[in-house]
Enquirer: 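Once you've had a glance at the structure underneath, I'll fire off some questions.
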Amino acid sequence: MSAPTHTRPPRATRGGVDIRLPWWALALPVLAFVALLLLILNPADAHAAAEQPAISHLLERLEQLAAR
């Protein structure tokens, strides 16, 4: 009488999930970071925007909220 043989189970994957991001998932945060960096480095653009009354009012409200 022969003994039953045990076969190895199939190899499991490494447990990682293979996810591929679309190109814009990396491009949009990089673009936003560069735009904010340029605004910080060139404050003349921000000063020109503050001369408009609606934007000036919005910036004042943001400053008030940030001061709290």
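Just so you know, residue 1 is the first one in the sequence shown, and it goes up from there. Only heavy atoms go into these numbers, but all of them, side chains included; no hydrogens, no water, no symmetry mates.
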Enquirer: Same cluster or not: are L28 and L21 linked, directly or through other Ile, Leu, Val, Met, Phe, Trp or Tyr residues, by side-chain heavy atoms under 4.5 angstrom apart?
Expert: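 No; tracing contacts between hydrophobic side chains, which count when under 4.5 Å, never links both residues.
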
Enquirer: Atom CG in L26, atom CG in L31: separation rounded to 0.5 Å?
Expert: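 L26 CG to L31 CG: 11.0 Å, rounded to 0.5 Å.
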
Enquirer: Hydrophobic clusters here meaning ILVMFWY residues chained together by side-chain heavy-atom distances under 4.5 Å, can you tell me if L41 and F33 are in one?
Expert: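 Yes, it is one cluster - the side chains of L41 and F33 are joined through contacts under 4.5 Å.
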
